[in-house]
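Structure in structure tokens, see below.
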Amino acid sequence: MSRPARIRIHSAALRHNLQVVREAAPQARVMPAIKADAYGHGMLQVAEILHEADGFMVACLSEAVQLREAGIRHPLLVIQGPQSEQDLVLAAQKNIRLVLHHEAQLLLLDRLCASTVIQVALKLDTGMHRLGIRAQRAKVVYQALQSHPNIHPDIWLMTHLACADDRENTYTHQQITEFDDVTESLQASRTIANSAGILGWSASHRDWVRPGIMLYGSSPFLASADFPSSRDDLGLQATMTLFAPLIAINRLKKGDLIGYGSTWRCPTDMRVGIVACGYADGYPRHAPSGTPLWINGQQTQLLGRVSMDLIVIDLTDIEATLGTRVECWGKQIDSDHVASLSDTISYELFCHAGACCEKNVEPS
Ligand SMILES: *Cc1c(COP(=O)(O)O)cnc(C)c1O
């Protein structure tokens, strides 16, 4: 039996958000990022719901193998690439494309037998300085791959944007320019854009786009006064609702203190509700008093500290009974708002809650 806090996945919203990607990047093929269990939404379920996508991107080979074993036949891209010779053999067998981001990975190719042919994407570091070969080496490495007997001739070129979430940051232009400068003369499919690139930087679109967070109904942008940036502004729909039942309703007196550390003092007599959801369910421990929640068609607020299994909410002037469901985030409460109040991002909320809670896919 699972804990009372639950997640609901909205499949129609996932498909809607894929449509938003298609409209924003009409020339590109779309490869949803479904790494980390599809940002906590359930990798296999999301691959099924988004079967109209043109491919899928995951972080590591085991995720891609899991997709193949579940019968997914789409093109698959593994961003961490191979770590061993066995990885190469497995990827070749399963028809999985690997990112090569380090010259050490090229050495793994040397001991393969002639019949093993690997599909690859060569990743250039244009400024993230995490994974990728230096742009200046791109041509040489590309040519080495082209003439390598174990490499499939359809080599992709890719890079990843570091600051695309900030639409005023010119670093993105620099990255795209550097990518173009060194790859101009090469024949290859190209992929640059994450969600922020798709919605904010059309020069990054190219042959394939790699949306993640926007598919999961959350804004890829920093809040900005100059650009509409919220999920609603962008026409995205919530794909994950985290909800939990009320398990107690109490009347407190003016001056009563709530929760660990007694950080909330009731300013008047109050009615409060205790909700069976806490940081063990993926609700952020750093959510402050005042963080919005939704109950019975009304917005309310968190009172006091988040504990492991429980939170306390304000029920003064709100009709509710034991068992009434409280939405922590979802259609009514924007996860980006909860995340920013908690000094994190929706990506992290989704991954944590998704790993903690039983998930149901809403029938569509
Ligand atoms: C996770 C990831 C993406 C998707 O990023 P979002 O910001 O969620 O759209 C795209 N490309 C790479 C290389 C990634 O690791």
Side-chain angles (χ1 to χ4, degrees), residues 14 17-18 20-22 24-25 28-41 43 46-47 50 53-61 63-64 67 75-81 96-102 105 120-133 156-167 169 171-172 175-176 179 189-202 204-223 229 231 234-236 238-240 335-336 339 344-352 354:
L14 276 160
N17 296 338
L18 177 60
V20 176
V21 175
R22 295 240 189 248
R29 280 184 283 178
V30 181
M31 178 168 260
I34 57 171
K35 62 195 181 193
D37 207 24
Y39 297 38
H41 287 62
M43 182 178 69
V46 169
L50 296 182
D54 305 298
F56 294 109
M57 193 206 83
V58 291
C60 56
L61 185 59
E63 292 171 328
L67 287 164
L76 298 179
L77 180 67
V78 174
I79 51 184
Q80 292 174 2
I96 293 166
R97 183 176 295 270
L98 298 174
V99 170
L100 297 182
H101 54 76
H102 199 284
Q105 290 174 318
V120 299
L122 180 61
K123 182 167 190 175
L124 311 193
D125 177 15
T126 56
M128 177 75 102
H129 299 314
R130 215 177 47 173
L131 295 182
I133 59 159
W156 294 10
L157 293 168
M158 111 178 231
T159 194
H160 194 36
L161 301 172
C163 302
D165 59 336
D166 175 357
R167 278 180 282 191
N169 194 329
Y171 200 61
T172 301
Q175 286 196 263
I176 295 172
F179 183 81
S189 290
R190 289 164 164 72
T191 174
I192 302 176
N194 55 4
S195 298
I198 291 164
L199 292 174
W201 305 85
S202 55
S204 70
H205 289 176
R206 311 307 165 98
D207 301 291
W208 288 86
V209 292
R210 311 187 305 267
I213 199 67
M214 68 180 289
L215 290 171
Y216 306 108
S218 171
S219 171
F221 295 121
L222 302 173
S229 299
R231 112 185 152 190
L234 299 168
L236 300 170
T239 58
M240 175 192 283
S335 60
D336 288 332
T344 183
I345 50 180
S346 289
Y347 300 70
E348 190 181 35
L349 299 188
F350 295 162
C351 288
H352 284 178

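Please read these numbers as outputs of a predicted model, since none were measured by experiment. For ligands, and for the atoms within them, numbers begin at 1 and follow the listed sequence.
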Measuring only between side-chain heavy atoms, which start at C-beta, is Leu131 closer than 4.5 Å to Asp125?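 Not touching, per the 4.5 Å side-chain cut-off.
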
For atom 2 (C) of ligand 1, grab the closest protein heavy atom and report residue, atom and distance to one decimal in Å.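 Ranked first by proximity to atom 2 (C) of ligand 1 is Lys35 NZ, 2.5 Å.
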
Sidechain-backbone polar pair: Ser195 side chain, Pro211 backbone, donor-acceptor under 3.5 Å: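 It does not hold such a pair.
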
With a 4.5 Å limit on heavy-atom distance, are the side chains of Leu199 and Met214 in contact?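 Of all side-chain heavy-atom pairs linking Met214 with Leu199, at least one is under 4.5 Å.
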
Taking distance alone, with N or O pairs closer than 3.5 Å, would you say Arg210 contacts ligand 1?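 Between Arg210 and ligand 1, an N or O pair is found under 3.5 Å apart.
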
Look only at the side chain of Asp336 and the backbone of Ser218, and say whether a donor-acceptor pair between them is shorter than 3.5 Å.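 Between the backbone of Ser218 and the side chain of Asp336 there is no qualifying donor-acceptor contact (under 3.5 Å).
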
May I ask you to identify, for Ile213, whether its side chain, its backbone, both or neither come under 4.0 Å of ligand 1 on a heavy-atom basis?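 Looking at Ile213 and ligand 1, atoms from backbone and side chain both fall under 4.0 Å.
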
Please write down residue, atom name and distance for the protein heavy atom closest to atom 8 (O) of ligand 1.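 For this ligand atom, the closest protein heavy atom is Tyr39 OH, 2.6 Å.
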
Among the heavy atoms of Tyr347, does any lie under 4.0 Å from an atom of ligand 1?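 Checking ligand 1 against Tyr347, which is what was asked, there is a heavy-atom contact under 4.0 Å.
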
Looking at atom 9 (O) of ligand 1, what's its closest protein heavy atom, distance included?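 That would be Ser195 OG, 2.5 Å.
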
Would you say Met57 contacts ligand 1, with heavy atoms under 4.0 Å as the rule?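 For ligand 1, residue contact (heavy atoms, under 4.0 Å) with Met57 is present.
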
Steps toward side-chain hydrogen bond (donor to acceptor under 3.5 Å, both in side chains) verdict (Thr159, Thr126): CA-CA 7 Å; Thr159 194; Thr126 56; 2.8 Å; yes

So which heavy atom in the protein is nearest atom 12 (C) of ligand 1, and how far is it from that ligand atom?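 Minimum-distance protein heavy atom for atom 12 (C) of ligand 1 reads His160 CE1, 3.3 Å.
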
How are the rings of His41 and Phe350 set to each other: parallel, tilted or perpendicular (split at 30° and 60°)?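 Perpendicular: the ring planes of His41 and Phe350 meet at over 60°.
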
Are any non-hydrogen side-chain atoms of Val99 and Val78 less than 4.5 angstrom apart?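 Heavy-atom side-chain distance check fails, nothing below 4.5 Å.
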
Is there a nitrogen or oxygen of Ala196 sitting under 3.5 Å from a nitrogen or oxygen of ligand 1?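 No, there is no polar N/O contact under 3.5 Å.
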
